[in-house]
Structure formats: C-alpha cells, structure tokens
Amino acid sequence: MQFPLPLAWPDEQHDVEFLVTASSAKAVNTLRQWREWPVAAALLVGPAMSGRSLLAQVFAAQSGGRVIDDADRHDEAALFHAWNDAQAERVPLLLVADAAPPAWNVALPDLRTRLGASPVAEIEAPDEALVRALLERGFARRHLDARDDLIDWLVPRLPQRHQAVAQMLDGLEQAALSGRRRVTIPLARDLLVALTGTAQDIDHA
C-alpha cells in the first residue's frame, strides 16, 4: 500500500508516496501512534535510500512535529537540548539515523540515556513485495518498457537492499538510453553480475 504525504506538498503525487510493505509497516505504525509514545521523541532508522527522510516528512506533516535528519552526524549537545525541548513543549521530535544505539555510538551519557528511553521505528531491508513495487514504479517513472517477466526474474535475484534496486534501475535506464538496448533479462543479468561481482547461481535463483 502507499502512504501519501498530506497537505500542501508538490503536485507530482508519485514523488510524495512512501511504499509500505512488511519491511516498513512496523515503522509506519510506530510513527502513526506518536501520541502514545512514552516520551515525546523517537528514532527512525533504516538503510540508505530506504525512504526514511520521506517518511520523516510524512510524520512531520501529520504530527506537526520536528525532524532532525542524519541525527547521528549532528552535535550531540544540540540533540540533547532538542530532546529536552520536545518534552517541555510536548511537540514530538523524530531523529533520523542509520541505526539506533549501540550501533549509533553516542558519547554523551545524558543523550545516550534519553535515546535509550525513546521508541525506535526501524525500516528493514526490503522484502520481495517492496522490491517488486519499487521496480514497477521505477520503470514507470523512467518510461522504460519492462515486461512482467523481467520483473519476475529480477525480484528473487536482486540483493535485498534499497540501494541495489536503485542501482539496477539506473543501470537499465543508462543502457537503454546510451545503447538504445531493449530492457531485457539478458541486459539485467549483465548488470546484476556487475553489481554483485559474481554470476554464481544467478540463473538458478
């Protein structure tokens, strides 16, 4: 399903939709239930290109809360004060990061304690349903003539990483434009070998 951005956002609706599958449903539900958080702050974590920043924008638009993106690269004292301000003002704060502590190495003890008390919404590695949806949407946006059998072939073979899906779409688009090649399984196979560094078991996935 799709989780569209509300209110006054760009007219290109396809650019403001977060695709929800089992890999992100728990994170979405955690953000939807922000009024029930034990504290007025939470962490949204997930891998690169997972749509975490877009989901954070959805959260901000629906809750009226504040978002600090790439929080794990911010000054820890500033984060500490932002967390405290959220409690005092009762305005929800969402900190977006690659991972939650202890994987996020927080040096400031007081901040570490506060983050430990905050709920964590985690976007997991994409499941096959999301890989399929991302491919279908990516092909449509790029106006690439990709047949269903290509998507069926790619879904079980692509590494389950958001970045791998994006790299495959970019590679197919570049190959189609530069060489005027049809978007086919053989072309996707060549790109997948380049992406993974091996041809082993690709044809038997």
Atom CZ of R141 and atom CD of E173: how far apart are they, to the nearest 0.5 Å?
12.0 Å
Under 6.0 Å from the CD atom of Q33, do we count more than 12 heavy atoms belonging to anything else shown?
yes
Donor-acceptor contact present, side-chain H74 to main-chain D70, <3.5 Å:
yes
Spatial distance of atom NE2 (H81) from atom CG (D110) [nearest 0.5 Å]
10.0 Å
Would you tell me whether S118 and W37 have side-chain atoms, one donor and one acceptor, within less than 3.5 Å of each other?
no
Which atom names give the shortest non-hydrogen contact between A117 and V39, and what distance separates them?
O-CG2, 3.7 Å
Shared hydrophobic cluster, V67 / M49 (ILVMFWY, side-chain heavy atoms < 4.5 Å):
no
So, the side chain of Q87 versus the backbone of A40: is there a donor-acceptor pair under 3.5 Å, distance only?
yes
Closest contact, heavy atoms only, F18 versus S50
CE1-O, 3.7 Å
When you measure from the side chain of R52 to the backbone of G46, do you find a donor-acceptor pair of N or O atoms at a distance under 3.5 Å?
yes
ILVMFWY network linking F59 to I68, side-chain heavy atoms under 4.5 angstrom:
no
Taking everything shown except R142 itself, do over 12 heavy atoms lie less than 6.0 Å from its CZ?
yes
Return yes if some donor-acceptor pair links the side-chain N/O of S24 with the main-chain N/O of V20 below 3.5 Å, else return no.
no
Backbone N or O of W153 within a donor-acceptor pair of the R157 side chain at under 3.5 Å?
yes
If I take atom CG from residue L79 and atom CG from residue N84, how far apart are they, to the nearest 0.5 angstrom?
11.0 Å
D127 side chain vs S23 backbone, donor-acceptor pair below 3.5 Å
yes
Same apolar cluster (I L V M F W Y, side chains within < 4.5 Å links), W104/I123
no
Could you grab the distance from atom CG of L172 to atom CZ of F139, nearest 0.5 Å is fine?
5.0 Å
Look only at the side chain of E76 and the backbone of A107, and say whether a donor-acceptor pair between them is shorter than 3.5 Å.
yes
Could you go step by step and tell me if L115 and L95 meet the side chain to side chain contact (heavy atoms under 4.5 Å, CB included) rule?
CA-CA 9 Å; L115 294 182; L95 303 176; 3.5 Å; yes
Please answer whether the main-chain N or O of D98 pairs with a side-chain N or O of D72 as donor and acceptor at a distance below 3.5 Å.
yes
Distance col, row T30:OG1 vs L43:CG, nearest 0.5 angstrom, shows 11.5 Å
Closest approach of L191 to G171 (non-hydrogen atoms, all atoms of both residues):
CD1-C, 3.5 Å
Looking only at non-hydrogen atoms, find the nearest pair between V183 and A176 and report the distance.
CG2-CB, 4.1 Å
Shared hydrophobic cluster, W83 / V96 (ILVMFWY, side-chain heavy atoms < 4.5 Å)
no
What one should report as the nearest heavy-atom pair of A27 and L44 is CB-CD1, 4.4 Å
Heavy-atom side-chain proximity of R66 to L94 below 4.5 angstrom
no
Donor-acceptor pair, R112 side chain versus V106 backbone, under 3.5 Å?
yes
What is the distance from atom CD of E124 to atom NE2 of H162, rounded to the nearest 0.5 Å?
10.0 Å
Give the table of side-chain donor-acceptor pairs shorter than 3.5 Å for residues 128-136, with sequence neighbours excluded, one pair per line with atom names and distance.
{"from": "R132", "atom 1": "NH1", "to": "D152", "atom 2": "OD1", "distance (Å)": "2.9"}
{"from": "R132", "atom 1": "NH2", "to": "D152", "atom 2": "OD1", "distance (Å)": "3.2"}

Starting from the C-alpha separation in whole Å, work towards a yes-or-no answer on side chain to side chain contact (heavy atoms under 4.5 Å, CB included) for V45 and V120.
CA-CA 7 Å; V45 302; V120 178; 3.9 Å; yes
Locate the shortest heavy-atom distance separating L31 from A121; write the atom from each residue and the value.
CD2-CB, 4.0 Å
